[in-house]
Protein chains: 2
Amino acid sequence: MPKDRAPTRIQQKNRAAILDAALDVFSAQGFRGATVDQIATVAGLSKPNLLYYFPSKEAIHNEVLSQLLDTWLDPLRALDPAGDPLEEILAYVQRKLEMSRDYPRESRLFANEIVQGAPRIHDVLSTDLRALVDEKVAVIKAWSDAGRIAPVHPYHLIFSIWSLTQHYADFEVQVRAVLGEEDPFAATPEFMETLYRRLLTPN
Amino acid sequence: MPKDRAPTRIQQKNRAAILDAALDVFSAQGFRGATVDQIATVAGLSKPNLLYYFPSKEAIHNEVLSQLLDTWLDPLRALDPAGDPLEEILAYVQRKLEMSRDYPRESRLFANEIVQGAPRIHDVLSTDLRALVDEKVAVIKAWSDAGRIAPVHPYHLIFSIWSLTQHYADFEVQVRAVLGEEDPFAATPEFMETLYRRLLTPN
DNA sequence: GTATGATTTGACCAAACGGTCAAACACACG
DNA sequence: CGTGTGTTTGACCGTTTGGTCAAATCATAC
């Protein structure tokens with residue numbers, strides 16, 4: 001490990017390469033399935049060299065995961081209580097869908113972690129995530145109570161948005177196997193819009 | 001390995017215990033994350049004893065996975081072209097939801113496999129699964145074209161059902177972290193029914 | 001009870017894995 | 001150029017893992 005100075009160009013480049021490679025490997029194999037050697041190879045480094053930049057496999061995983069968590073909830077944070085209810089929710093759906101299309105590795109990393117019981121991020125889920133969801137649920141409930149959108153169970157509404165949008169990244173192999181040549185994201189935005197417009201348009 | 005005779009009572013009991021334990025461990029840790037020792041311990045056997053009944057870790061995984069695939073698509077197979085369109089689809093949704101509630105381990109095993117690229121079941125997906133989906137998509141498209149349900153992209157309709165229902169099993173930790181004490185499945189059937197009724201009821 | 005096959009296990013092996021370390025190498029700066 | 005710091009690596013270590021095997025134990029039919 002280098003001393004406590006400003007990172008050199010080499011450090012910046014290599015740390016970035018390692019984190020990108022780790023995202024590749026962890027999202028495709030899970031934490032236990034990934035090997036340090038694999039990550040090093042993908043990053044174009046030797047294993048000891050990689051361990052010169054990060055103290056352990058777990059440290060790399062933590063770093064990748066916390067970088068992910070930082071941005072993962074941005075689309076929901078942006079849901080504006082002052083905006084038009086239906087349009088706000090539709091915009092949130094589209095933002096989430098874009099993230100699945102543009103950052104599928106991040107989505108799969110998250111999925112891997114959750115499916116296997118979220119051992120490393122359970123705390124964040126039941127504190128930060130829960131608080132954010134509670135906040136936005138209150139907004140949606142207010143809209144619903146005011147009759148500005150159809151009555152809906154707000155928690156399940158949010159779960160449905162998560163599951164529908166992330167499905168195209170997390171289960172991409174399955175979607176592609178079923179669709180064949182067709183682009184999975186071709187008709188998806190329109191489908192989502194129709195679905196939530198019909199669900200939420202008041203009477 | 002015993003000779004090629006009818007399985008004894010001990011064989012039946014132990015093979016069943018192993019497969020159940022394997023479902024536990026594989027669904028919670030993924031293939032590479034699971035160890036033979038773990039499975040053996042959960043099954044109440046020693047590792048060499050377990051390997052007396054199955055030749056390898058991969059053989060156990062294959063067996064568990066193929067038993068799963070056998071029944072996983074039954075709810076979709078049961079979609080009856082002769083039934084009432086909306087009620088048929090709603091019934092399919094409820095069957096899938098029940099499977100998520102009653103067989104979450106199976107759902108998570110499947111999710112683990114797909115998220116990590118489905119290396120072992122890719123063939124089944126692009127043959128059997130695809131054929132079944134194509135068949136049912138045709139049914140839904142016919143209903144849609146006949147105006148018996150609202151116009152809808154049939155593939156994405158099916159994907160939406162998969163993702164929504166399986167979400168409650170695959171992402172159970174997250175759902176519970178957000179909902180707290182509340183039973184994840186309490187309001188879910190009603191939410192699903194409302195959603196698909198609104199989406200599919202012809203104008 | 002005893003013979004035969006089924007079942008179980010402790011001891012063991014080779015490979016893979018996460019991680020360490022001293023030595024070699026590269027590079028910037030005077 | 002040389003020297004001090006940052007960087008890279010081959011060799012190595014202890015542990016975990018999947019799997020083997022011979023020997024011991026158990027169940028059952030005669």
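Reminder, nothing fancy here: chain letters follow the sequence lines and each chain counts from 1.
Between A/N49 and D/dT9, a side-chain N or O to OP1/OP2 separation shorter than 4.0 Å is present. Contact between the side-chain N/O atoms of B/Y52 and the OP1/OP2 oxygens of C/dT9 is not found at any separation under 4.0 Å. At D/dA27, none of the side-chain N or O atoms of B/T8 fall inside 4.0 Å of OP1 or OP2 (strictly under the cut-off). Using a 4.0 Å cut-off, no side-chain N or O of A/N14 falls inside it from OP1 or OP2 of D/dG6. Residue B/R9 places at least one side-chain N or O closer than 4.0 Å to OP1 or OP2 of D/dT28. Remark: A/S46 is in phosphate contact with D/dT9, judged by side-chain N or O atoms under 4.0 Å from OP1 or OP2. A close approach under 4.0 Å does not occur between any side-chain nitrogen or oxygen of B/T35 and OP1 or OP2 of D/dT16.
The cationic atom of B/R120 (NZ for Lys, CZ for Arg) lies less than 6.0 Å from the six-membered ring centre of B/F31 and within 45° of the ring axis.
No donor-acceptor distance shorter than 3.5 angstrom exists from the side chain of A/T201 to the backbone of A/R198, with no hydrogens or angles considered. Checking side-chain atoms of A/R108 against main-chain N and O of A/G30 turns up no donor-acceptor pair under 3.5 Å. The main-chain N or O of A/A34 is found under 3.5 Å from a side-chain atom of A/K57 such that the two form a donor-acceptor pair.
Atom CZ in A/F54 sits about 15 Å away from atom C1' in D/dT7, given to the nearest Å. Going from atom CD1 of A/I10 over to atom C1' of C/dC27 covers 7 Å, rounded to whole Å. Distance OH (A/Y53) to C1' (D/dG6): 8 Å, rounded to an integer number of Å. To the nearest angstrom, P of D/dG18 lies 8 Å from CG of B/D37. In this structure, the NE2 atom of B/H61 is 13 Å from the P atom of D/dG19, given to the nearest Å. Rounded to whole angstrom, the span from the CG atom of A/L50 across to the P atom of C/dT20 amounts to 12 Å. The nearest whole Å value for the distance from the CD atom in B/Q11 to the P atom in D/dT28 is 12 Å. The CD atom of A/Q12 sits 14 Å away from the C1' atom of D/dG6 (whole-angstrom rounding).
Between A/Y92 and A/D80, the side chains place no donor N or O within less than 3.5 Å of an acceptor N or O (distance only, hydrogens not considered).
You won't find any donor-acceptor pair under 3.5 Å spanning the side chain of A/K57 and the base of C/dG19, going by distance alone.
Using a 4.0 Å heavy-atom cutoff across all strands shown, B/A40 reaches no nucleic acid atom at all. Using a 4.0 Å heavy-atom criterion, one finds that B/A34 contacts the sugar-phosphate atoms exclusively. Using a 4.0 Å heavy-atom criterion, one finds that B/L51 contacts the bases of the nucleic acid, with or without backbone contacts as well.
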